[in-house]
Amino acid sequence: MAIDRIELNLLRLPYVHFFETSFGRAYDRTFIIIRIFEDGLVGYGECVAEEKPLYSGETTETAWHVIKDFLVPLVFKQRIVEPEDYYQAAKVFRGNQMAKAGLELALWDLKAKKAGLPLSRLWGGIREEIPAGVSVGIEDSVPELLARIENYLSQGYERIKIKIKPGWDVEVCQAIREKYPELLLQADANGGYSIEQADHLRKLDTFKLLMIEQPFPPYDLWDHSKLQRKMTTPLCLDESIISFDSARAALEMGSCRIVNIKVGRVGGIVEARRIHDYCQSYGVGVWCGGMLESGLGRAHNLHLATLPNFKYPNDLSASARYYHEDLIEPPISLSRPGYIRVPDGPGIGVNPVEDRIQKATVKKEILNP
Ligand code: OSB
Ligand code: MG
């Protein structure tokens, strides 16, 4: 069989509540949906590049350009249908992991739908439910943050991740710990600190955090290893892990003790699984990070999080935590406190709602072989 056509849609969806990190505050999400049509089936992929190059160097516009002008032509020219073949072929292009991953995910969904199997089965998953956590942004005040946390706990979430930055860290952890001494709590700095602040960061060791995510910018594997040697709290790397080789360097250097896996950041599922397996052989547990995906991208993440070395609660929350109207029906929800059931239908196993996709679309393109 050969691919009939590939469609790209650029969408914008408003958040239920603004999301603030050390990069700033955002009120909505812009992202690309990739659809591959073959013989009556449709494979869905979501590209997690954001509007601005803050979290990574890619943007929705650079990803659109790379997918449309390089990756899709490569797939058509070489008549690629298998995601593993695509992974090999796409290596001729450097970087642009989020663009590459979006298309690979669509090929995976298509492959699983052709086989009539859920993605988790294709990828070697071992779980029917995955531990769900919630990532809580920076608020205007500590009482407002505590109220948000209270609300998420009442909905059944059992692990909370807060965003920290200089000036919003020690006092915030202190306040949360006073109210919730036993809560599973972790903090994510999105690279907002530098090694000069190591002594300040060490103060966080008193709060029994599960981990501290990405204190320094992406390229600082060496400084992370110096900080990890000074701290008892495990460091977890997110932005720094952009490939199998960067994961290997991080573990060999001792830059972290936990790895956050995001398919988009590492360039696809093939690379994500290589990292997963390597971390497992190294005795380092991983968990699935999120990029505030729509239900389509989050469904892919649910399947990924069923692999055996996903040992910590994931940044995977219900649709209602992110969007008023998610792009899928039924929406993703907690199946019981702390857990989300992984869809068991073929492929991603969730049903896209076409008129919601069209309503949120700001630009589209149909690409033919
Ligand atoms: O650092 O994990 C991050 C969202 C966008 C960009 C970076 C990050 C995040 C999150 C959200 O923390 C996690 C989620 O999707 O629930
Ligand atoms: Mg992070």
Side-chain angles (χ1 to χ4, degrees), residues 13 15-31 46-60 63 97-98 101 130-139 145 148-149 152 155 157-165 185-193 209-218 220 224 234-242 250 256 258-266 286-302 304-305 312-323 326-327 331-334 340:
L13 280 180
Y15 293 139
V16 166
H17 181 72
F18 65 77
F19 191 68
E20 184 172 328
T21 66
S22 59
F23 306 130
R25 187 174 284 190
Y27 293 87
D28 59 19
R29 181 80 166 96
T30 308
F31 55 93
E46 179 168 336
C47 172
V48 297
E50 295 176 304
E51 191 168 23
K52 298 175 186 167
L54 299 170
Y55 170 84
S56 91
E58 292 184 78
T59 69
T60 41
Q97 290 93 328
M98 292 176 173
I130 59 94
V134 61
S135 172
V136 188
I138 294 167
E139 290 289 329
L145 176 71
R148 292 233 139 239
I149 293 173
Y152 288 129
Q155 291 172 34
Y157 293 103
E158 292 176 347
R159 182 283 251 157
I160 298 288
K161 163 170 134 180
I162 59 160
K163 293 289 185 177
I164 55 170
K165 65 176 181 180
L185 179 67
Q186 64 192 66
D188 184 0
N190 287 108
Y193 297 84
L209 300 177
L210 277 174
M211 67 193 80
I212 298 171
E213 197 178 328
Q214 199 71 41
F216 305 146
D220 285 352
H224 281 108
L235 297 184
C236 168
L237 290 177
D238 174 353
E239 285 92 326
S240 293
I241 308 298
I242 55 167
C256 63
I258 299 172
V259 169
N260 166 323
I261 293 191
K262 288 184 187 168
V263 188
R265 200 192 58 230
V266 304
V286 308
W287 54 283
C288 186
M291 291 291 292
L292 306 165
E293 289 91 344
S294 82
L296 296 166
R298 208 143 1 94
H300 278 284
N301 290 343
L302 290 174
L304 181 62
Y312 302 90
N314 307 283
D315 271 354
L316 281 164
S317 317
S319 294
R321 180 260 173 267
Y322 306 98
Y323 303 106
D326 203 343
L327 303 179
I332 292 167
S333 55
L334 295 190
I340 296 176

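Both counts, for ligands and for their atoms, begin at 1 and track the order of listing.
- For the residue pair Asp326 and Ser319, the shortest heavy atom distance occurs at OD2-OG, 2.6 Å.
- Within the 3.5 Å criterion, the main-chain N or O of Tyr312 finds no donor-acceptor partner in the side chain of Arg159.
- Tyr323 pairs by the ring pair (Phe, Tyr, Trp, His ring centres under 6.0 Å) definition with Tyr15, not counting sequence neighbours.
- Judged by distance alone, the side chain of His224 and the main-chain N or O of Gln214 form no donor-acceptor pair under 3.5 Å.
- Residues Ala318 and Ile340 approach most closely at N-CD1, 4.3 Å, considering heavy atoms.
- Around the Mg ion (ligand 2), protein N, O or S atoms at less than 2.8 Å number 3.
- When all heavy atoms of Thr21 and Ile138 are compared, the pair lying nearest together is C-CD1, 3.8 Å.
- With rounding to the nearest 0.5 Å, the separation of CE in Met211 from CH2 in Trp287 is 6.0 Å.
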Measure and list all N/O to N/O distances between ligand 1 and the protein that fall under 3.5 angstrom.
residue  : atom   : partner : partner atom : Å
ligand 1 : 1 (O)  : Lys163  : NZ           : 3.0
ligand 1 : 1 (O)  : Asp188  : OD2          : 2.9
ligand 1 : 1 (O)  : Asn190  : ND2          : 2.8
ligand 1 : 1 (O)  : Asp238  : OD2          : 3.1
ligand 1 : 2 (O)  : Lys161  : NZ           : 3.0
ligand 1 : 2 (O)  : Asp188  : OD2          : 3.4
ligand 1 : 2 (O)  : Asp238  : OD2          : 3.4
ligand 1 : 2 (O)  : Lys262  : NZ           : 3.0
ligand 1 : 12 (O) : Ser135  : OG           : 2.9
ligand 1 : 12 (O) : Lys161  : NZ           : 3.4
ligand 1 : 12 (O) : Lys163  : NZ           : 3.0
ligand 1 : 15 (O) : Met291  : N            : 3.4
ligand 1 : 15 (O) : Leu292  : N            : 2.8
ligand 1 : 16 (O) : Tyr322  : OH           : 2.7

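- In this structure Asp220 satisfies the side-chain hydrogen bond (donor to acceptor under 3.5 Å, both in side chains) test with no other residue, sequence neighbours excluded.
- Using cut-offs of 30° and 60° for the angle between ring planes, the Phe23 and Tyr55 rings count as perpendicular.
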